[in-house]
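Within every chain, numbering begins at 1; the chains are lettered A, B, ... in the order of the sequence lines, protein sequences first and strands thereafter. The model shown is predicted, which means the values in this text are computed figures rather than measured ones.
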Amino acid sequence: MSFGKGCHLHLIDGSAFIFRAYHALPPLTRKSDGLPIGAVSGFCNMLHRYVEGNTGPDAPTHVAVIFDKGSHTFRNDLYDLYKANREAMPEDLRPQMPLTREATRAFNIACEEIEGYEADDIIATLSCQARDAGGRVTIISSDKDLMQLVGDGVEMLDAMKNLRIDVEGVEAKFGVTPDKVIDVQALAGDSVDNVPGAPGIGIKTAALLINEYGSLEELLDRAEEIKQPKRRQTLIEKREQIELSKKLVTLDCNTPLGFTLDDLEVKEPDPDVLLPFLAQMEFRTLTKRIAEGLGVEAPSVPEPEVSAGTGAIEDSVPDAPAINPEAYETVRDAEALQNWIDRIREVGHVAVDTETTGLDEMRVDLVGICLCVDAGTACYVPLTHKAEGESGGLFGNDELAEGQMPLNQALDMLKPVLEDDAVLKIGQNMKYDAKILKRYGINVAPFDDTMLISYALNAGLHGHGMDTLSERYLDHVPIPIKELLGSGKSMITFDRVPIDKATRYAAEDADITLRLWQVLKPRLHREKVTTVYETLERPLSPVLAEMEMHGVQVDRDTLSRMSNAFSQKMAQLEAEIHELAGESFNVGSPKQLGEILFDKMSLPGGKKGKTGAYATGADILEDLATEHELPARVLDWRQLSKLKSTYTDALQEHINPETGRVHTSYVQTGANTGRMASTDPNLQNIPVRSEEGRRIREAFVAPEGKVLLSLDYSQIELRILAHVAGIDALKQAFHEGQDIHAATASEMFGVPLDEMTSEVRRQAKAINFGVIYGISGFGLARNLRIPRAEAQGFIDRYFERFPGIREYMDETTAFAKENLYVQTLFGRKIHTPEIAAKGPRAGFAKRAAINAPIQGTAADIIRRAMIRMPEAIAKLPAKMLLQVHDELVFEVEAGAEEDVIKAARAIMEGAADPAVKLDVPLVVDAGRGANWAEAH
DNA sequence: CCTGTCACG
DNA sequence: GACGTACGTGACAGGG
């Protein structure tokens, strides 16, 4: 039948179906091989329900499921930030995508997608064609972007709510008729698709304006007539942006299609195609139900093994054999390795662990690789072990041990598997192994990481190292590496470990990793932290790996000159100190210093700590320094000593001889709040507060022809506090771009902003920070060096002025006591078991519980920005190098600074979207320079 | 190995 | 009434 009058076309938004199915269901896997299958299952159920419901006069004559193909469309060419806020597709959803297409065809429904176009454009084109041919159209979707198509026989159907959306429905949503929807969308913008629109104008205002002026073009041409000054200004200044937004939201009715409406005619499903497909997916219930409906016999689906006493979705790990290091295989040739590769492909996943000559991923060599496909089934592939014995003479024996595959041959065989989309690689701290393998030309993907899974589940409860996890979840103590390598001076490297011994240790690690994955992975869904793991943890790991491998250039000469200068100054100070003390002693020894100050010189304020030594911290020395020379000199000496030992000397040791750069390691699970830690070296505590310290940053440089950029969030934690505690006065101040500490001071003390003194502002600033930390009178008093009663007075006044803060604190502590955890806005859990403690520890836990959601939400936001950053700057000559909690540092080709700042700022300021709609704007400040001191 | 000290956000 | 307290980290030196 040729499409025409009397025909009824159904267009199903396939991507919407898939995502609904994916998020509605737990992460089911195919029993026989562990293939993730939840979304396909839900998708098939939805299709089936849809087909079942197609009876009566409204039944379609033509139908198609329309999918998106690829992520780059013509809209990205118009605007490179289009949909830049999109969360990456979950890794376990990706392999299911082709299966949903197969499923559609198995149901004998037309399945269409076109490279470079969104599904919405194909839907628009088909709708126009069908309407022009005189037929009816129903779009099965609730996406507001499709509402512009409604009218003239085109309607939408929200399949979940079973709600038809017609012209009235669109008017209710947008306040205008469907033909003007794009004008409203162009003005209002869309944070989900990252369409900019006109800032400050939402759907309500947009509809008002469009209805008044008739069209967007008319409105923009006559913008001068608008009474509200801010609105007028926006429309005039942002005209280009608004016109671009209209292009972005306008669907293309002329998409080149490789098919016609007639190709979409409704067909009966073929039982011989549909049922085998469902059986192959191992959907037992659905196969049976559909077979009954079609009146044919259901093909057999293998029965899942039933483990006693547990439900189907429970994380019952099949009875695993005990861990037995003697059972592991040593793979010594290509034939044996091929057997393992075949097995991995069959199973679809593999635990991988690499053994190396040390811990610095940028310098060590690969020694061997371990693989595990099932609990107890693991092997070790030794590659570069050295022959035993000292027989090589003076330089040791550097010959390779017998019985190992050539390194290149093994890597060539493993590369396709390690990079295969269809094979999930499982690691414990996969970032380490991924970096090693990357240096050998292998890009490991996709992957799961048991360390990150544990962190998403249990941050605050315990550590996430393999030894901890193994003891806790497998009740097994792994072989300590010390048993192989020894310790101290006589320690050897892994390539000197005999292969049989190495096999037991190394393969055990892979075995443990796989078992941990089996135990921990299913818990993500039950603990409702799947999204945290998939959007904040797993995708960050490769981003960090790239930053670490790239490193930052550090100038050795600058550091070395500073070291010398510090040495001289310290020697001078030391002499003065000894002179003042009347004797020579070790200035760097707090114990000796305490005895000089408080015993010999009898200065006041000598307090002994629990070890019996006098406390000589900076705060105490500062008090003494107003009256005495010696403590003042010691403070200067200490500052220099710190700078020299921790920075100017130690940093030089960290310059990689091959790259000439410093490669830090970020510990993703380092802080319980979601922050990261930086180690070897720690590049998150390079001095900045003191003038002398800040000069260390001059040694962090951009290479010739490049520039360093630093972008940092302005007051992000206070903004989050304003949002979560709902403090209108603070929100207002942020919206108006006020100096927040001055605004706080003004609100608290009633001082007008133009009469603000720096002293009053300083006090308000201390209070603002105090609030974030879970304020106490004592702490504030100490920080401000004022009497405790006065500090308490400030706090009381603060709570009086901002009662929402107290409510937030009370609610947060109550939540923590009830649940033993707190949460960030993005769903990250931070466990606070100590909240139940008695005594002083309860105070600690309470303040930590108040602080964690704020610090953690800020950490989540910058993580989201970092995850999206590589794509956003992919086409620019820029690299992201460092993260310092609220700051990102980039290395950029000179000349491209503006473009990079623009792109990176957009990502950072929009990083909360679309998951969380903040009541306060996020603001990012940017700096640039030849070195980090200038850029910051 | 632990403690004190001090660098950062 | 006393106890102790701002939150989160990592590196280094001294000292047992």
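Comparing the P positions of B:dC6 and C:dG4 gives a spacing of 22 Å, expressed to the nearest Å. Rounded to whole Å, the C1' atom of C:dC3 lies 30 Å from the corresponding atom of B:dA7.
In this structure, A:R847 forms a cation-pi arrangement with A:F844, its terminal cationic atom sitting closer than 6.0 Å to the ring centre and no more than 45° off the ring axis. The cationic group of A:K829 lies under 6.0 Å from the six-membered ring centre of A:Y821 and within 45° of the ring axis, placing it in a cation-pi geometry.
Of the candidates C:dA6, B:dC6, B:dG9, the closest approach to any side-chain atom of A:R638 belongs to B:dC6. Taking only side-chain atoms of A:R847, from C-beta outward, the nucleotide of C:dA6, C:dG8, B:dA7 with the closest atom is C:dA6. Closest to the side chain of A:P687, from the set C:dG8, B:dC8, C:dT5, is B:dC8.
With no hydrogens or angles considered, a side-chain donor-acceptor pair links A:T616 and A:R638 at under 3.5 Å.
Residue contacts for A:D886: at a heavy-atom cut-off of 4.0 Å it reaches the sugar-phosphate backbone alone, with no base atom in range. Within the nucleic acid shown, A:A766 comes within 4.0 Å of at least one base atom, counting heavy atoms only.
Atoms CG (A:N783) and C1' (C:dG4) sit 17 Å apart, rounded to a whole Å. A:M676 places its CE atom 18 Å from the P atom of C:dG8, with the value rounded to the nearest Å. One interatomic measurement links the two molecules: CD1 of A:I772 to C1' of C:dT9, which rounds to 17 Å at whole-angstrom precision.
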Protein-proximity profile, nucleotides 10-16 of chain C, B/S/- by nucleotide at the 4.0 Å heavy-atom cutoff, equals BBSSSS-

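Residue A:R689 places no side-chain N or O under 4.0 Å from the OP1 or OP2 atom of B:dA7.
A donor-acceptor contact under 3.5 Å is formed by the side chain of A:R788 with the base of C:dT5.
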